[in-house]
Each structure stands twice: as structure tokens, then as C-alpha cells.
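Source: prediction; values computed, not measured.
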Amino acid sequence: MANLIGPAFNVSGINYNEVGIRDATEAFVSDIFAKILNSAQNDDLFKEDKLIPESNAEKWIKEWINVEYANLLTQQSLKPLVNQIVNSFPPER
């Protein structure tokens, strides 16, 4: 799967003309779930009481981990959703 979307990736070297519908759909679904995971971590229900505030580096690492987790989740558990989105596109001619 091509990693197209996400804060942890450098997208300047990607040739978008060679990206297929399935790769783009997997990247789209992964990005959605990474955003869900990142927003859940910022929710008051998930925050821990800390004496020292979290640094930007810790936030970026957690976001990167969420992006990787979302990629794995998309490839392993969300194939039915990816297939449904791919099948909604008209056939390529």
C-alpha cells in the first residue's frame, strides 16, 4: 500500500498518476481512522494527570503510531469497507 496521506509521511516523492483506486482508498480509510485515534487521545476521557506536560515530540510520536496502527487496521480488519468503497467507483475503461 502506498502511504499517501498522513502527517508522518513526506508526500513530495509520490507519483499520483500511478496510484490505483485500491491504494488511494486504503490511504483514505487509514487517514480517517488515524484522525479518529488522534482525536480520541485528545479527549478528556483518555488524558492522564501528569505533573510534566507532554512535549511536541511525544505528540508527534503518538500521531505516527496512530497512523501506522490505522494502516495495519485498514489492511487487516477493514478490507470490507475498502472493498465497498472501491466497488462504488465505475469500472475503469
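Proximity of a side-chain donor or acceptor of Ser88 to a complementary backbone N or O of Ile85 within less than 3.5 Å is detected. Between the side chain of Gln75 and the backbone N or O of Leu72, no donor-acceptor pair lies under 3.5 Å.
Taken from OG in Ser30 to NZ in Lys35, the straight-line distance is 12.0 Å, to the nearest 0.5 Å. To the nearest 0.5 Å, atom CD1 of residue Ile36 and atom CG of residue Asp31 are 10.0 Å apart. From Gln76, atom CD reaches atom CG of Asn71 across 11.0 Å, with rounding to the nearest 0.5 Å. Here CZ of Phe33 is found 13.5 Å from CG of Asn38. Values are rounded to the nearest 0.5 Å. For the atom pair CG of Leu73 and NZ of Lys79, the computed distance is 12.0 Å after rounding to the nearest 0.5 Å.
Residues Ala34 and Ala70 approach most closely at N-CB, 3.5 Å, considering heavy atoms.
Using a 4.5 Å cut-off on side-chain heavy atoms (C-beta onward), Thr25 and Phe89 make contact.
Evaluation of the side-chain contact (heavy atoms from CB on, under 4.5 Å) rule for Ile61 yields Ile65 as partners, not counting sequence neighbours.
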Could you go through Asn83 and Arg22, starting from their C-alpha distance and side-chain angles, then the distance that decides it, and tell me whether this counts as side-chain contact (heavy atoms from CB on, under 4.5 Å)? CA-CA 8 Å; Asn83 290 336; Arg22 178 160 298 280; 2.7 Å; yes
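Under the side-chain contact (heavy atoms from CB on, under 4.5 Å) rule, Thr74 has a single partner from Ile32, Val29, Leu81, which is Val29.
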